[in-house]
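One-based numbering along the sequence shown. Computed from a predicted structure; not experimentally measured. Computation of the quantities below employed the complete heavy-atom set of this structure, encompassing side-chain atoms and omitting hydrogens, waters and symmetry-equivalent molecules.
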Amino acid sequence: MDIFHVNWLAVLIAPFAGFVIGPVWYGPLFGQAWMRASGVTTDQVRASNKGKLYGTTFALNLIASCSLAMFLGPSATLKFGVMAGLLTGLTFVSTALGVTYLFEFRPFSLFAINAGYQTLVFTAMGAILGAW
């Protein structure tokens with residue numbers, strides 16, 4: 001893929017999908033279950049360096065967005081973007097998480113919550129990249 005044919009505005013916007021989905025996913029939908037399964041406490045969340053946490057999250061999602069944009073190519077459509085994002089989340093990302101979680105003996109519920117979130121974020125990023 002030629003990096004000059006990437007829609008860089010879409011690449012910069014797509015990482016924000018996680019910031020829109022995350023507060024709902026890790027809040028009212030699965031917040032309590034995630035905290036139990038991960039062992040993260042409310043005190044740890046409050047004490048975290050939010051700038052570092054969200055800044056690094058944006059940088060990592062930006063790398064993922066850029067890679068996904070190059071994978072989609074310059075003639076991607078909304079439909080192709082959604083399907084490619086969905087399959088990327090379900091296969092590449094979720095399976096990699098799954099292998100790690102197996103060897104770390106983490107609970108299946110934590111895998112399901114995190115893999116579901118990543119799949120949804122990659123699907124949304126694919127939609128943004130494909131629509132532009």
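Put simply, the side chain of Q118 never gets that close to the backbone of A115: no donor and acceptor are under 3.5 Å apart.
W34 is not connected to V20 by any chain of hydrophobic side-chain contacts under 4.5 Å among Ile, Leu, Val, Met, Phe, Trp and Tyr, and they are in different clusters. No continuous path of ILVMFWY side-chain contacts below 4.5 Å connects L97 to V99, so the two sit in separate hydrophobic clusters. At a threshold of 4.5 Å between side-chain heavy atoms, the hydrophobic network of Ile, Leu, Val, Met, Phe, Trp and Tyr places Y54 and I13 in two separate groups. In this structure, I113 is not a member of the same hydrophobic cluster as L102, with clusters built from ILVMFWY side-chain heavy atoms closer than 4.5 Å. Criterion: ILVMFWY side-chain heavy atoms under 4.5 Å apart, direct or through other members. Under it, L9 and V6 are not part of a common hydrophobic cluster.
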Would you mind writing out the side-chain donor-acceptor pairs for residues 125-132 within the sub-3.5 Å range, not counting sequence neighbours?
none

Only pairs under 3.5 Å count here: list side-chain donor-acceptor contacts from residues 73-92, not counting sequence neighbours, and write none if there are none.
| unit_1 | atom_1 | unit_2 | atom_2 | d |
| --- | --- | --- | --- | --- |
| T77 | OG1 | F80 | N | 3.1 |
| T88 | OG1 | A84 | O | 2.7 |
| T91 | OG1 | L87 | O | 2.4 |

Per-pair distances, 0.1 Å, donor-acceptor, side chain in residues 58-70, under 3.5 Å, sequence neighbours excluded:
| unit_1 | atom_1 | unit_2 | atom_2 | d |
| --- | --- | --- | --- | --- |
| S65 | OG | V11 | O | 3.0 |

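Considering every non-hydrogen atom in both P23 and P28, the closest pair reads O-CD, 3.5 Å.
Among residue pairs with one or both ends in residues 4-32, none qualify as salt bridge (Lys or Arg N to Asp or Glu O under 4.0 Å); sequence neighbours excluded. Evaluation of the salt bridge (Lys or Arg N to Asp or Glu O under 4.0 Å) test over residues 46-59, restricted to residues two or more places apart or in two chains, returns D43-R46. The salt bridge (Lys or Arg N to Asp or Glu O under 4.0 Å) contacts involving residues 96-110 comprise E104-R106, where partners must be two or more places apart or lie in separate chains.
A donor atom on one side chain and an acceptor atom on the other are found under 3.5 Å apart for Y26 and N114.
The number of heavy-atom neighbours closer than 6.0 Å to CZ of F108, taken from other residues, nucleotides and ligands shown, is 12 or below. Q44 CD: more than 12 foreign heavy atoms inside a 6.0 Å radius.
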Problem set entry | Test log, rule side-chain contact (heavy atoms from CB on, under 4.5 Å), inputs T57 and F19 | CA-CA 9 Å; T57 297; F19 291 98; 4.0 Å; yes
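Atom OG1 of residue T42 and atom CE of residue M35 lie 3.5 Å apart, to the nearest 0.5 angstrom. To the nearest 0.5 Å, atom OH of residue Y117 and atom OG of residue S94 are 13.0 Å apart.
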